[in-house]
Participant: 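Here it is, the structure, as structure tokens.
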2 protein chains.
Amino acid sequence: MSRVIGGDTDAARIPEATVRRIQEAIKELGYVPNPTARKLRTGRNRLLGVHTFEAVFPRAREDFYFEFLLGIEERAEEIDHDLVLFTSTGGADGRRRVYRDGVNRLNVADGAVLLGVAADRAELARLEADGYPFVHIGRREVPGTRITCVVPDYESAAAAIVDRLADLGHTRVGYLSAGIDEESYADRRRGYESAVARRGLRDVSPAGPPGPGGVPDAAWLDRVADGALTAVVADAEWLAHPFAEALAARGLAVPRDVSVAVLEGVAADAPVRWDCLEIPRREVGRVAIDTLVGLLDEPGRDVTDVLVPCVVVEGETVAGVSEGSAG
Amino acid sequence: MSRVIGGDTDAARIPEATVRRIQEAIKELGYVPNPTARKLRTGRNRLLGVHTFEAVFPRAREDFYFEFLLGIEERAEEIDHDLVLFTSTGGADGRRRVYRDGVNRLNVADGAVLLGVAADRAELARLEADGYPFVHIGRREVPGTRITCVVPDYESAAAAIVDRLADLGHTRVGYLSAGIDEESYADRRRGYESAVARRGLRDVSPAGPPGPGGVPDAAWLDRVADGALTAVVADAEWLAHPFAEALAARGLAVPRDVSVAVLEGVAADAPVRWDCLEIPRREVGRVAIDTLVGLLDEPGRDVTDVLVPCVVVEGETVAGVSEGSAG
DNA sequence: TTGAAAGCGATACCAT
DNA sequence: ATGGTATCGCTTTCAA
């Protein structure tokens with residue numbers, strides 16, 4: 001009977017008469033397979049979990065989760081899976097946790113997509129150790145653990161931007177770091193540095209982290225004003241903006257004297273049309289689902305991080321090297 | 001052993017030593033209860049389904065689903081349940097269905113909250129017939145079936161607005177109907193009519209449905225211009241607006257000559273600050289969860305529709321009867 | 001080809 | 001007080 005339900009009719013070579021007989025009986029009795037029992041037996045449910053370390057809907061209007069979820073829902077629907085939203089809070093601290101007094105709550109779903117700005121690395125490690133199939137949106141590195149991440153390809157994007165600067169004739173460039181010790185920032189920096197080396201550019205970045213408000217080191221700014229570099233790449237808009245203002249205070253203009261590119265997405269209606277990245281959040285969500293299902297179909301496979309390309313958006317803050325610039 | 005896990009330690013009067021012994025064994029072996037098996041056995045999962053007849057996230061920015069989901073997630077989290085988002089589409093037509101070739105897909109969850117502008121009544125009826133525990137947000141009446149709905153209390157709200165008009169001295173009032181044959185509109189109308197009767201007011205509503213663009217019948221408008229009534233209640237803002245403009249064209253002003261109240265929520269930044277309702281969407285979401293869980297805890301209970309009060313928002317379009325009005 | 005039976009993991013009841 | 005066992009509904013294997 002399961003053979004008929006499972007659709008193995010061809011493989012098992014069941015007489016057509018029998019198939020019809022069973023199908024009629026099914027209709028007659030109003031038989032409905034029980035997904036829970038099915039899951040207990042086969043381990044599959046067509047349920048994919050989504051675990052966010054913060055509440056989703058209250059923030060859905062904001063960009064961070066929303067676009068990811070859009071892609072996740074979209075793709076899940078396409079491949080005929082449902083989504084389990086793990087919402088119930090774990091501890092009294094309000095932070096959401098995967099494990100509630102030792103129990104992995106995600107277990108009802110075949111696997112899960114995890115995301116959140118404040119992912120708990122200990123929980124990720126434990127999840128991996130338990131062999132639970134999951135994918136994390138955004139790179140999270142946990143020593144001694146290989147977790148599968150789906151990540152915007154910041155490294156390539158940063159390199160592409162440096163390449164573009166080099167193509168435009170810039171030879172002395174700098175990097176405005178957010179000073180945040182997080183994987184995605186490390187990715188950007190790595191892309192920048194490898195491209196700088198490859199193109200034989202001179203790196204004239206500020207030494208320390210930015211001051212309060214994202215204002216760079218004054219001494220370094222003076223060097224920039226003296227023409228020490230002609231282009232700058234910034235981790236974030238909140239770094240680029242004070243930088244541009246500091247330049248203006250010293251009589252320099254963007255992009256006339258210094259080109260500036262931002263390594264993150266910038267709202268289309270921002271006051272300055274920065275050259276920036278378009279972070280493919282929706283696509284990342286879709287890819288996360290596909291990666292997760294791949295993991296489920298081939299449990300043994302060792303999946304490395306999946307990179308989703310970023311689009312480089314040309315704005316009004318990058319230009320060719322001006323004639324007047326000191327060599 | 002289940003006794004210890006289930007926390008029935010007090011009831012079963014198990015020696016403290018044994019409890020500790022088992023708890024240590026649990027930790028030792030890394031035992032983790034399997035929610036699927038649990039569900040199979042007990043029928044409960046702490047999973048609540050959310051079925052929308054359209055995709056949620058793509059519309060999340062819009063008001064319709066968003067506020068409901070906010071309340072749903074919030075309350076589910078509070079009572080320690082997770083949410084299953086039923087996203088996978090049913091047929092090729094793109095419409096989402098509960099039943100996919102006969103299988104009730106909601107069965108993985110203990111029960112479900114259904115919502116959607118285009119709810120499929122046949123599916124609701126079948127769900128009810130199958131004995132699946134669910135709650136519908138918004139009133140849906142299906143002949144021969146009692147489905148539990150959680151609904152904004154439009155009827156009382158409409159009555160309250162009429163009461164307020166009566167208190168302000170209005171004796172001749174009218175109702176601008178959207179002409180939509182839907183339960184929530186019927187609720188509003190019923191509230192209006194019962195209050196009109198109770199307060200002994202004269203009903204001077206237009207005869208037919210509004211014309212294109214929500215413009216009322218011209219003959220009726222002329223009667224209004226002649227002072228046939230002093231207050232109007234409208235199903236929706238798109239009816240109130242053309243009405244006010246038609247009045248203006250006839251030299252009448254709102255609320256000087258005619259008071260107008262709208263029986264739905266109006267955006268706070270709307271050009272006109274209508275007297276209107278505040279539809280408690282978030283609270284409706286919360287109540288839906290509580291009602292559903294109540295249904296699960298007491299399967300036999302026959303729950304009637306649950307009404308969630310609307311707040312009447314005072315704007316600038318309702319005033320007392322002016323002296324000059326014809327008696 | 002078809003039917004019978006074992007087992008997935010947890011709970012609840014009935015023996016001990 | 002504790003250990004054993006039937007049961008939830010399904011899939012899969014093994015016999016007939």
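Model, not experiment: these values are computed from the prediction. Every chain is numbered from 1 and lettered A, B, ... according to where its sequence line falls, protein lines coming before strand lines. Every heavy atom of this structure was used, including side-chain atoms; hydrogens, water molecules and symmetry mates were not.
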Participant: Take the protein atom NZ of A/Lys39 and the nucleotide atom C1' of D/dG9, then report the distance between them rounded to whole Å.
Facilitator: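 Result: 15 Å.
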
Participant: Pair B/Leu48, B/Val293 - check side-chain contact (heavy atoms from CB on, under 4.5 Å), show working.
Facilitator: CA-CA 9 Å; B/Leu48 301 179; B/Val293 172; 4.1 Å; yes

Participant: Distances under 3.5 Å only, N/O to N/O: pair up the protein atoms with those of nucleotides 6-8 of chain C.
Facilitator:
residue, atom, partner, partner atom, Å
C/dG7, N2, A/Arg41, NH1, 3.1

Participant: Which whole-number value in Å describes the distance from B/Arg38 CZ to D/dT7 C1'?
Facilitator: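 My rounded result for the distance is 17 Å.
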
Participant: Please assess B/Ile137 against B/Ile72 for the test side-chain contact (heavy atoms from CB on, under 4.5 Å), listing each intermediate value before the final yes or no.
Facilitator: CA-CA 11 Å; B/Ile137 287 186; B/Ile72 289 173; 4.1 Å; yes

Participant: Under the side-chain contact (heavy atoms from CB on, under 4.5 Å) rule, what do A/Leu127 and A/Leu114 come out as? Steps first, then yes or no, please.
Facilitator: CA-CA 11 Å; A/Leu127 223 37; A/Leu114 309 200; 3.7 Å; yes

Participant: Under the rule for salt bridge (charged side-chain N to carboxylate O under 4.0 Å, His left out), what residues qualify as partners of A/Asp181, not counting sequence neighbours?
Facilitator: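 Checked A/Asp181 against salt bridge (charged side-chain N to carboxylate O under 4.0 Å, His left out); zero matches.
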
Participant: What verdict does the salt bridge (Lys or Arg N to Asp or Glu O under 4.0 Å) test give for B/Glu128 and B/Arg140, after you've listed the backbone C-alpha separation in whole Å, the side-chain angles of each residue and the deciding distance to 0.1 Å?
Facilitator: CA-CA 12 Å; B/Glu128 177 65 28; B/Arg140 284 302 121 96; over 6 Å; no

Participant: Between atom CZ in B/Arg44 and atom C1' in D/dC8, what is the gap in whole Å?
Facilitator: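 In whole Å, D/dC8 C1' lies 16 Å from B/Arg44 CZ.
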
Participant: With each end axis built from five pairs of C1' atoms, what bend angle do you get for the helix from C/dT1-D/dA16 to C/dT16-D/dA1? Round to 10°.
Facilitator: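 Taking the rotation axis at each end, their angle is 60°.
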
Participant: For A/Leu47 and A/His81, work out which heavy atoms get closest and say how close.
Facilitator: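 Heavy-atom minimum between the residues: N-ND1, 4.2 Å.
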
Participant: Run the numbers on A/Leu115 and A/Val50 for side-chain contact (heavy atoms from CB on, under 4.5 Å), then give the verdict.
Facilitator: CA-CA 8 Å; A/Leu115 65 163; A/Val50 177; 4.1 Å; yes

Participant: Between B/Arg75 and B/Glu78, is there a salt bridge with N-O shorter than 4.0 Å?
Facilitator: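 A salt bridge links B/Glu78 with B/Arg75.
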
